[in-house]
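Structure first, then comments.
Indexing begins at 1, ligand by ligand and atom by atom, following the structure's order.
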Amino acid sequence: MRTHFLFAYPLFLTAIAGVHASPAARSDTGAITPLTSSQIDAFEPYTWYASTGYCNSSATLAWDCGADCDANPSFKPVASGGDGDGTQYWFVGYDPVLDTVIVSHQGTDPEEILPLLTDADIVVVELDSDLFPGISSDIQVAQGFSDAQEKTATDVLAAVQTTMSMYSTSQVTMVGHSLGAAISLLDAVYLPLQIPDASFTYIGYGLPRVGNQEFANYVDASAVSVTHINNKEDPIPICPGMFLGYVHPSGEVHIEDSGEWANCPGQDNPSTQCIVGDVPEIWDGDLSDHDGPYGGVEMGC
Ligand SMILES: *[C@@H]1O[C@H](CO)[C@@H](O)[C@H](O)[C@H]1NC(C)=O
């Protein structure tokens, strides 16, 4: 069910040496407000779709994967792929209730991903100029995430275009948990460049930091609606560290110990109601919070 994912790449420390986080961009810290229960409930189908990303590609294509698939019974699968080994599973299809294309990518086991994200040698790279035409070379992301997204990018693009035309919709929602959240966040930069006339929503769970300050600013300035939900004291979302130049885009929602879901404005909001303040260091975290539950949904197939 969970798979091994290795960042087995040459390391170039110089690539991160020039990166620095701008504290100015993090000063946008308006009021932290609780979500209403209907706002929380509205995430539920997307949370199930993120969890379903862990199911194998034949199960998602047949939409026969037990509780995950049953939670969104009217979903119309269109394409799926990955092998759950070198390439994370993914699926694309249409939700007629929400009237949106759904794109979901598989995550990975927290014990697998944490050591990779805390490796001080984690390296950033520019995005591929063929997949991301016109993107600034100042925008840099973790190489492991970039490589994982590139493996499925063109297949996912073709599936999204097919689904949009089959079901006459221009809405696309990208979801994922953990590594899957990181891959989907890169899709949230990639797909709008390839399909400029669609409208895009991103909902990630337990998202690690994906890129540098310029990446976070690009995501914030884009038209994509971004939400990334962090559960309690999950340490994955505080990795890789800000000291390495990694910055989250805005859009954090933090599930607190009280069960309240807090809207945390700005990038890496330092409040103790948000993940950065609640989990200052990895050893303050609890890895068992990574898989959930997110509003009752435990991630996994
Ligand atoms: C895929 O998942 C389904 C349902 O969860 C399972 O029955 C099947 O054995 C799996 N197939 C492979 C190839 O792992």
Side-chain angles (χ1 to χ4, degrees), residues 1-8 43-98 100-114 116 144-145 147-160 162-163 166-167 172-187 203-207 229 231 234 236 287-301:
M1 127 178 142
R2 298 295 163 77
T3 62
H4 299 264
F5 178 80
L6 297 174
F7 290 90
F43 283 107
E44 188 176 336
Y46 303 102
T47 314
W48 282 111
Y49 283 127
S51 181
T52 307
Y54 284 94
C55 302
N56 70 48
S57 51
S58 25
T60 51
L61 196 59
W63 210 245
D64 181 11
C65 65
D68 280 299
C69 290
D70 294 347
N72 285 304
S74 56
F75 184 72
K76 311 288 182 211
V78 171
S80 68
D83 56 16
D85 191 4
T87 304
Q88 305 306 103
Y89 292 127
W90 60 271
F91 68 86
V92 170
Y94 178 68
D95 185 311
V97 180
L98 303 166
T100 179
V101 178
I102 298 287
V103 178
S104 180
H105 287 276
Q106 179 190 18
T108 194
D109 195 300
E111 278 86 8
E112 305 271 343
I113 196 171
L114 186 65
L116 307 167
F145 296 151
D147 288 353
Q149 191 264 346
E150 284 180 14
K151 282 181 189 168
T152 62
T154 53
D155 288 345
V156 167
L157 171 63
V160 168
T162 300
T163 310
M166 276 176 80
Y167 293 100
V172 180
T173 306
M174 297 148 290
V175 303
H177 167 249
S178 189
L179 169 61
I183 297 171
S184 283
L185 186 61
L186 290 173
D187 277 355
I203 304 170
Y205 300 81
L207 172 72
I229 301 173
N231 186 43
D234 179 6
I236 300 289
L287 211 45
S288 71
D289 288 335
H290 184 56
D291 287 349
Y294 298 85
V297 180
E298 193 77 21
M299 293 291 166
C301 191

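Looking at D83, N56, D68, T60 and measuring to atom 2 (O) of ligand 1, the nearest heavy atom belongs to N56.
The shortest contact between atom 5 (O) of ligand 1 and any protein heavy atom is with A59 CB, 4.4 Å.
The nearest protein heavy atom to atom 14 (O) of ligand 1 is closer than 4.0 Å.
Checked against the 6.0 Å centroid threshold, F75 and Y49 count as a close aromatic pair.
In this structure, the side chains of V175 and S184 stay at 4.5 Å or more apart for every pair of heavy atoms. In this structure, the side chains of D291 and H177 come closer than 4.5 Å at one or more pairs of heavy atoms.
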*Test C65 against C301 for disulfide (SG to SG under 2.5 Å), laying out the working first.*
CA-CA 7 Å; C65 65; C301 191; 4.9 Å; no
